[in-house]
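Read the numbers this way: they start at 1 and go in the same order the structure lists the ligands and their atoms.
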Amino acid sequence: MTGNRITWQDGQYGVPNDPVIPFIEGDGIGPDIWRAAQRVFDAAVKHAFGGERRIVWTEILAGEKAHRETGEWLPEATLEAIRNYRIAIKGPLTTPVGGGIRSLNVTLRQVLDLYACVRPVRYLAGVPSPMRHPEKLDVIIFRENIEDVYAGIEYAAGSPEATKLREFLGDSFGARMAEGSAIGIKPMSAVNSKRLAAKAVQHAIDRNRSSVTLVHKGNIMKFTEGAFRDWGYEVARERFPDQTIPESEVGKGEARDGKRVIIKDRIADSMFQQVLLRPSEYAVLATPNLNGDYLSDACAAQVGGLGMAPGGNIGDGVALFEATHGTAPKYAGQDKVNPSSLILSGTMMLEEIGWQEAAAAIVRGIEGAIAAGTVTYDLARQMPNATEVPSSGFADAVIAHIERG
Ligand code: NAP
């Protein structure tokens, strides 16, 4: 089957009716959830557009499968295909802890300059949650994706690099560290912080969201996290002067002034309390890399956990959508786990290319399957009277609800 490339011009995607979209199946449970998800995507596109549009899937390799078949973990051809076709989707990839290969996920984000990790967190009716009012949380998190302590500049305790760096910092700047310290570097730049914040603000404007909150730990890390906050306010003021207003100018706690997106900031630890205690006051969150990593999972837990949380790594004209959980190796090949994270990441992908009708059909389908109590083990164990189905059975249920309209 042949299709056409998605193009990118003047900040807009040009999407043919038969876009070629590369996919990485992923390791562990990846193949199980990919098989389920792909059927759902195809059914939703067919339901929304009849035979007029279809996705032409093309497999690209990364992780264990790539290593088995090509000897490489992340072949150059995979990176080239994502650059060429612009929109791609992936299952989870194994990352060995400490030593070995570097995280493939982090490498993909950095090499492809996917500078925003975007995670919408909202409650889907019927999903079991530890909260009394999980529906009050409806945020989209824009997490800076390529720098901060994830830049990979780290030296092991006792290594010649760490020793030299410690001596240099001590001799030149009087910076004191315990002897034999491991050292990690936390670079945060104006250019990366600003383009991340701009993407968050643009999203709030486009989707009519009330506020963007800059989340930072600037009270302690003044020149990195503090600067992230200042650069966020700066980019809002410079690029969106008529569409944004700082919270200080509208009064604390005040809702949207009717027209402009309110730009707020919160210290990271307080933000963790805010999403629990006052979730409805937040709409879009812009965060540095590490804070965003923690906050995304904490927010996902409030609305039903990682099995349900979608994500996308988005740059300018290139985007890679992915399940946010890992490879759950103990369930690999059992057709057991919840494919919703990958399926919902696919809805983000469909929205990114402007196929909103198909995305909406999928959300309806998932809500229908959950309302009917047809769910995978993770939800079934928390839902009395639910019927546990395998990953493929959940996809069948979602498709049936999509086709029912
Ligand atoms: P994990 O694979 O996310 O699994 C942890 C637990 O979360 C599972 O045992 C399971 O809980 C639950 N879970 C995960 N996915 C689920 C799904 N689709 N449906 C239902 N439950 C699900 O985390 P991990 O064990 O820490 O990491 C394993 C590997 O994945 C590591 O190599 C890690 O580096 C990698 N990883 C990759 C990515 C990525 O590719 N983006 C992200 C995170 C981790 P129960 O045991 O309670 O059933």
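Summarising the local packing, NZ of K46 is surrounded by 12 or fewer heavy atoms from other residues, nucleotides or ligands at distances under 6.0 Å.
Sorted by first and then second residue, the ring pair (Phe, Tyr, Trp, His ring centres under 6.0 Å) pairs involving residues 319-342 (not counting sequence neighbours) are Y331-Y377.
N192 pairs by the side-chain hydrogen bond (donor to acceptor under 3.5 Å, both in side chains) definition with E147, S189, R195, not counting sequence neighbours.
Heavy atoms of K90 approach ligand 1 to within less than 4.0 angstrom. Residue contacts with ligand 1 leave out M308, since none of its heavy atoms falls under 4.0 Å from the ligand. Using a 4.0 angstrom heavy-atom cutoff, T94 counts as in contact with ligand 1.
At under 3.5 Å, a nitrogen or oxygen of A328, whether backbone or side chain, sits near a nitrogen or oxygen of ligand 1.
Atom numbering of ligand 1 starts at 1 in the shown order; those under 4.0 Å from a heavy atom of R381 are 45 (P), 47 (O), 48 (O). Taking a cut-off of under 4.0 Å to the non-hydrogen atoms of K330, the atoms of ligand 1 that pass are 9 (O), 46 (O). Against a heavy-atom cut-off of under 4.0 Å, N105 is close to the following atoms of ligand 1: 37 (C), 38 (C), 39 (C), 40 (O), 41 (N). For ligand 1, the atoms closer than 4.0 angstrom to any heavy atom of E322 are 41 (N).
The aromatic rings of H67 and W73 sit parallel to each other, their planes meeting at less than 30°, with 60° as the upper class boundary.
Salt bridge status for D378 with R381: absent, with no side-chain N to carboxylate O gap under 4.0 Å. Between E247 and R266 there is a salt bridge, since at least one side-chain N of the basic residue sits less than 4.0 Å from a carboxylate O of the acidic one.
Here T327 has heavy atoms under 4.0 Å from ligand 1 in both its backbone and its side chain. Counting heavy atoms under 4.0 Å from ligand 1, residue D378 touches it through the side chain alone.
Screening V139, V212, I141 for a side-chain contact (heavy atoms from CB on, under 4.5 Å) with Y282, the sole residue that qualifies is V139.
Considering G91, P339, G326 only, the shortest heavy-atom separation from atom 36 (N) of ligand 1 involves G326. When the heavy atoms of F394, Y377, Y331 are ranked by distance to atom 22 (C) of ligand 1, first place goes to Y377.
Side-chain contact annotation: N145 with Y150, donor-acceptor N/O pair under 3.5 Å absent.
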